[in-house]
There are 2 protein chains.
Amino acid sequence: MSIRQGFLALLSEEPMGGYQLRQEFEARTGGTWPLNIGQAYTTLQRLERDGLVEPVPDDAGAGAGADTPAESRGERYRLTAAGRAEATSWWQRPVERNAPARDELAIKLALAVTIHVDGHGVDVGAVVQRQRTETLRALRDYTRLKKDAAADGPGLAWTLVLDSLIFAAEAEVRWLDHVEASVLRAAHAHPVVDPPVVEPAKTTTTPKTTKNTHTKAGR
Amino acid sequence: MSIRQGFLALLSEEPMGGYQLRQEFEARTGGTWPLNIGQAYTTLQRLERDGLVEPVPDDAGAGAGADTPAESRGERYRLTAAGRAEATSWWQRPVERNAPARDELAIKLALAVTIHVDGHGVDVGAVVQRQRTETLRALRDYTRLKKDAAADGPGLAWTLVLDSLIFAAEAEVRWLDHVEASVLRAAHAHPVVDPPVVEPAKTTTTPKTTKNTHTKAGR
DNA sequence: ATGGTCATACTTACCGGGTAAGCGTGCGGC
DNA sequence: GCCGCACGCTTACCCGGTAAGTATGACCAT
């Protein structure tokens, strides 16, 4: 849905073809979400099918004034009245949060605290620790990109996108800490002879020993 | 991908049919993400096509012991060796954040700060304000559900899912505040005769006056 | 002048997530 | 006995998204 709305927003500025729309979309979002060219044209075709855009007649290009990009030589599209109305209404209504998108990590942790295989539970602490490592890695990447973006000055838009990713990654780390604390608290409240699955270790290293010690100390 | 992995995780506990998988999935995630029955069966069929699950022979049910749910009367599936390996590896690898999922709100704000229609920019402040209102509303909903969940005690899993939604909503509100501050800062640094689009107001109320005053004060 | 490379422009067949509507059976309650 | 609901499943479709392929034009090196 967001590519579709983004195309309508970009076309409210000026008529464009599929290739240009893809370029503008990626330029203004800092390439965070690469847009496959096949999807750009499919989305454009669906917008045309739904009556939100129409091809610009060829002779209209000549009369459109000097600001028409002359270097664009493919088929160009412009908004219809319905398309313009839809583009305007996008700014005016919030992105709804009634049905949050499925989140693989939330599903994973929700299942991890309930799944038992052969009488053993999943080692939730290990799952949380590995995820925290990955999320902190991503956070460092975003922070570094943010510094580079500020230095290069490619624009406010991309730094805002990076900020969104940073805020989300920080929230995820906090949530993982919270999950870990909640699971420990629940284990204290309901001590069960329920040792975590002994996961097949790649190497017989200290982590395994540490894990066992940690589990015992938690009792 | 997450439904698929979730089914593998559930089947690592015991064989189940499509209807049961759907029920267990929803029960353990608190119904946050309703699972369409058509998707449950399609996902199950794809798992079978990919050799990760196989039907349980009928006679195997009789010999499976007393813990086999006798009340399930449809086709049941169990993990193959490949399926069990895949289920195990899900716990062991983090959910990667290299290619973050497209986020309509981040796209929207990135476009809002760059789009100009007929020489006017988008009223980013208004977009942020409306979105903040919706996100705070969702946050209140999640917080209320959290209180109810704690009272009923349906389980740790659902409270963890609610916590995830709460942490994410709080991060989104902070990001929106940050966007608003960044846009104001940028406007001060590069004052441009670029008034926001006068959006068609539904009512001639104080907000409009406030907005005009605010914009003037910002110059 | 020619050839190679890259940007521009577009198509196509497909995959996976997801849905609504429909159908059949069995069981419990009235 | 009948109705409604739970259980069980199918089907046709929509939408987001992709990789691979094709064609043309411009530019640069030879």
Side-chain angles (χ1 to χ4, degrees), chain A residues 1-8 10 15-27 29 31-50 52-53 55-56 58 61 68-77 86 95 98-104 106-107, chain B residues 1-8 10 15-27 29 31-53 55-56 58 61 69-77 86 95 98-104 106-107:
Chain A
M1 178 62 85
S2 40
I3 308 301
R4 180 185 178 89
Q5 293 288 355
F7 275 20
L8 290 179
L10 289 168
M16 274 184 256
Y19 190 82
Q20 260 188 292
L21 281 164
R22 169 180 179 267
Q23 280 194 310
E24 283 297 319
F25 182 91
E26 290 200 354
T29 56
T32 307
W33 302 287
L35 184 56
N36 185 286
I37 193 62
Q39 179 179 10
Y41 282 97
T42 305
T43 302
L44 199 49
Q45 280 163 6
R46 286 178 182 146
L47 287 173
E48 186 177 13
R49 179 203 62 189
D50 296 343
L52 301 180
V53 306
V56 176
D58 286 336
T68 304
E71 68 276 19
S72 168
R73 61 178 188 274
E75 183 77 71
R76 289 190 298 122
Y77 292 82
E86 174 58 23
V95 176
N98 293 321
R102 286 201 181 96
D103 173 6
E104 180 175 353
I107 290 168
Chain B
M1 180 61 82
S2 41
I3 308 301
R4 181 186 178 88
Q5 294 289 352
F7 275 19
L8 291 177
L10 289 167
M16 275 185 255
Y19 190 82
Q20 256 189 294
L21 282 164
R22 170 181 176 267
Q23 278 193 311
E24 284 296 321
F25 182 91
E26 291 201 354
T29 55
T32 308
W33 301 286
L35 184 56
N36 184 286
I37 193 61
Q39 180 179 10
Y41 281 95
T42 306
T43 301
L44 199 51
Q45 282 161 6
R46 285 176 184 147
L47 287 172
E48 186 177 12
R49 179 202 62 190
D50 296 342
L52 301 179
V53 306
V56 177
D58 287 337
E71 67 277 18
S72 168
R73 61 180 192 275
E75 181 77 73
R76 286 188 301 122
Y77 292 82
E86 174 59 25
V95 177
N98 293 322
R102 287 204 181 92
D103 173 5
E104 181 175 353
I107 290 169

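Each chain gets a letter, A, B and so on, in the order its sequence line appears, and its residues count up from 1.
Comparing atom distances between the B:N36 side chain and each of D:dA19, C:dC10, C:dA20 picks out C:dA20 as nearest. In this structure, of C:dT8, D:dG8, D:dT18, it is C:dT8 that holds the atom nearest to the side chain of A:Y19. With D:dG17, C:dT11, C:dG18 as the candidates, the nucleotide lying closest to the side chain of A:I3 is D:dG17. Closest approach to the A:Q39 side chain among D:dT18, C:dG18, C:dA9 is made by D:dT18 (side chain taken as heavy atoms from C-beta onward).
One can place CD of B:Q20 at 7 Å from P of D:dG8, the figure rounded to the nearest angstrom. The CD atom of B:E75 sits 11 Å away from the C1' atom of D:dC9 (whole-angstrom rounding). Atom CH2 of B:W33 and atom P of C:dG17 are 16 Å apart (whole Å). In this structure, B:Q23 atom CD and D:dC5 atom C1' are separated by 13 Å, rounded to whole Å. Note: OH (A:Y41) to P (D:dG17) measures 18 Å, nearest angstrom. In this structure, A:R22 places its CZ atom 14 Å from P of D:dG17, rounding to the nearest Å. Following rounding to the nearest Å, B:I37 (CD1) and D:dA12 (P) show an atom-to-atom distance of 18 Å. Rounded to an integer number of Å, the gap from CD1 of A:I107 to C1' of C:dG18 is 13 Å.
Applying the salt bridge (charged side-chain N to carboxylate O under 4.0 Å, His left out) criterion to A:E104, with sequence neighbours excluded, gives no partner residue. Partners of B:Q5 according to the side-chain hydrogen bond (donor to acceptor under 3.5 Å, both in side chains) rule, which considers only residues two or more places apart in sequence or in another chain, are B:E86. Among residues two or more places apart in sequence or in another chain, the side-chain contact (heavy atoms from CB on, under 4.5 Å) test is passed with A:E26 by A:R22, A:P34, A:L35. Residues passing the side-chain contact (heavy atoms from CB on, under 4.5 Å) test with B:P55 are B:E48, B:E75, B:Y77, sequence neighbours excluded.
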Please list every donor-acceptor pair under 3.5 Å in which a side-chain atom of residues 37-44 of chain B meets a protein atom from a residue at least two apart or in another chain.
| unit_1 | atom_1 | unit_2 | atom_2 | d |
| --- | --- | --- | --- | --- |
| B:Y41 | OH | B:Y19 | N | 3.2 |
| B:T42 | OG1 | B:G38 | O | 2.7 |
| B:T43 | OG1 | B:Q39 | O | 2.8 |

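OP1 or OP2 of C:dG18 has at least one side-chain nitrogen or oxygen of A:R102 nearer than 4.0 Å.
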Worked verdict on B:Q23 versus B:M16 for side-chain contact (heavy atoms from CB on, under 4.5 Å): CA-CA 10 Å; B:Q23 278 193 311; B:M16 275 185 255; over 6 Å; no
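A:T32 places none of its side-chain heavy atoms less than 4.5 Å from the side chain of B:I107.
Here B:L35 lies out of heavy-atom contact (under 4.0 Å) with every strand.
For DNA chain C, the neighbouring residues in residues 42-50 of chain A, judged by any heavy atom under 4.0 Å, are A:Q45.
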